[in-house]
Structures are given as C-alpha cells and as structure tokens.
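Report on the following structure.
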Amino acid sequence: MTDADLRIDALTGTRVVVTPWRQRRPNLPDGCPFCPGGLEAPEPYEVRHFPNRWPALPDGRHEVILHSPDHNSSFPALGGDRSAQVVELWSARTAALGSREDVNYVFVFENRGRLIGSTIDHPHSQVMAFGMIPPIPESELSAAACDLCRDPGQDLIVTRCAGWQAVVPWAPSWPYEMLISPRRHVADLPAAGPDLRAGLGVMLVEALTRMEALLGRDTPYMLWLHQRPTGPGDWPAAHLHLHLAPVLRAPGVTRHLAAAEFGAGVFFDPVDPQQAAAQLRTPPRDGTMQHQPRQR
Ligand SMILES: [Zn+2]
Ligand SMILES: [Zn+2]
Ligand SMILES: [Zn+2]
C-alpha cells in the first residue's frame, strides 16, 4: 500500500485518506488561477495538466486537467473536437501515471458546479493515481463476465453515437445518472485508440446537452471514469465506462444523499429509471438544447 495516511474504519471497512493539509486550500481564490496568465497556467494553452497544489494523494499522484482557456466554457460549448482533446489528455495521463510502480489505478473525475463543492468555476477535471484499487471499481471488476457487453434493453438506452452508448442504469444511485460506454469491449482509454476517444468527445457533448435540456443549463454534476487497473493482473470485466451523475432530481431541486444512503448503504431513487431514460431521450423542446455560453 502506497497511499499515505490511508485508514480503514474498523466498524464499516470504509477507506479514508486523511489529508489535513487540504484544509488550508483557498475556498474560492481571488482571480482565476486556471485562466491563461494565472498562477497555474502562465502560458497560453488549449488543454493543460499540472500537479494539484493541494494534493489528496502524495508524490505527484493528484493532477488537475484544464479543459479550455475559456473560463466560461463547458463540454457542450467546446463541441466534440475540442472535448476530444480533453479525452486525449485523460488518456495520456492514464498511461503516464499508470506506468509508475507505485500506481495501480488511475481515477479520472470531474466535479462541476459549486453545489457539488467545486471551488473554481473554470472547466477542469482531476486525476488521482491510487496505489490501491479503490473499492467501487474493485467491486465492479470482480464480476465473472462483462456486464456492459450485455444488451441493456431499449427502454434504458438514452442515445447511441460515435461508437458509444449512454444508458440509464437499471438500479441508478442518482435519478438521472447515465452510464456511458463504448459499444465494443475496450478496457481503458489508452486501449480505445484515437477514433474511439474522439467519439467520446462527441458523446460527452451529446449526453450533457440532453442533461442540461432536461434539468437546466449549468446543471451541477459529477463525472467519473472506470477503467482497467494499471498494475499486473487479468481483468476480464474491465470495460471502460463513465458515470455521469447530475446532482439534481428535478430542475432546481438538489438530490441529497443523507442518513439512509450513508447509514444503511441503500440508495433510494425517486425517479423510475425507464422514465428517466425516456425523458433524456426526448428532452423538452423549448430551445434549451441549443447551448449558450453562460454569463458570470
Ligand atoms: Zn478561469
Ligand atoms: Zn464488455
Ligand atoms: Zn463503474
């Protein structure tokens, strides 16, 4: 185990990394450090990566990925091609960090919006390179066969495009969660190849545009990738995918996770998954499908 300060709660088995130094990080810093010329981006850039100044994991294993020099951008505003540049950088950092001896799992994620705790609005994601295989991917990987290669059923499919599909899970933890996966069995971003990675840029725009049409522009969300562990081992169930979870259950209404979810470990979903898929398939036609850059 190489993850400093990893603790396992004796009662529940929950894994906790204690990071007291992160308490000192600024909560909404003055001026944007991610805009070109800012603290973390002194030179012009299209996409950029750098070590997190307030890392949750040591030894350069927590990075920040900047998606665009434009402070007010988003995947839908970037469009497919420029979103694909972000996917390419996720892939390159997966390969680079995954080649390290002290790394067994590269976890890419985005927390978007203040509601979910993002301290900087500038479009960015993060990469954590764990020494361990974290428990949720480990649980998914323990399946004997690949569940993502099964037909999910028409009523859960939201959309298919560019070699990818987006479905609402049969048992979603979040009401409008989407599971986005390549339609062929590919273990990770580096193995996907440039064409399929470019397709993910297109699919991200598509899925987020549908989500925003249904739940409102700039809906706060979480996005995370699951892929093959980077250490040794055979992982037949490793099928690259993304979980996209808006943190609203209706326009303007926050979905809270609380005592039942944390204390009982059971999620309660107030929206029927087939209904969620139908709504995401055919979002309201009030013009919100056309993305406009947001105003500050
Ligand atoms: Zn900025
Ligand atoms: Zn598969
Ligand atoms: Zn997963």
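For this chain, numbers begin at 1 and follow the sequence in order. First listed ligand is number 1; within each ligand, the first listed atom is number 1. Everything quoted here is computed from the prediction, not taken from an experiment.
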Quiz item: Does one side chain, of Ser181 or Trp164, offer a donor that lies under 3.5 Å from an acceptor on the other?
Solution: no

Quiz prompt | Heteroatom of His226 nearest to the Zn ion (ligand 3) (N, O or S, atom name) | solution = ND1

Exercise. Look at the rings of Trp224 and His226 and say which category their plane angle falls in: under 30° parallel, 30 to 60° tilted, over 60° perpendicular.
Key: perpendicular

Practice problem: Using modelled atom types only, decide if a donor and an acceptor are shared between the side chain of His239 and the backbone of Arg183 within a distance under 3.5 Å. | Solution: no

Quiz item: What number of protein N, O or S atoms occur at distances under 2.8 Å from the Zn ion (ligand 2)?
Solution: 4

Quiz item: His243: which N/O/S atom is nearest the Zn ion (ligand 3)?
Solution: NE2

Self-check item: With the Zn ion (ligand 3) as the apex, the NE2/OE1 angle for His241 and Glu140 - to 10°
Solution: 90°

Self-check item: Angle, ND1 of His122 through the Zn ion (ligand 1) to SG of Cys35 - 10° precision
Solution: 110°

Practice problem: Report yes or no: do Leu196 and Leu244 belong to one cluster of Ile/Leu/Val/Met/Phe/Trp/Tyr joined by side chain heavy-atom distances under 4.5 Å? | Solution: yes

Practice problem: Return the name of the atom in His71, of element N, O or S, nearest to the Zn ion (ligand 1). | Solution: ND1

Quiz item: If only atom types and distance count, is the side chain of Tyr105 paired as donor or acceptor with the main-chain N or O of Gly98 below 3.5 Å?
Solution: no

Quiz item: Do Met211 and Val167 belong to the same hydrophobic cluster, where Ile, Leu, Val, Met, Phe, Trp and Tyr are linked whenever their side-chain heavy atoms lie under 4.5 Å apart, directly or via other members?
Solution: no

Quiz prompt | Geometric cation-pi criterion Arg255 and Trp174, 6.0 Å radius, 45° cone | solution = yes

Quiz prompt | Between Glu177 and His243: side-chain donor-acceptor atoms closer than 3.5 Å | solution = yes

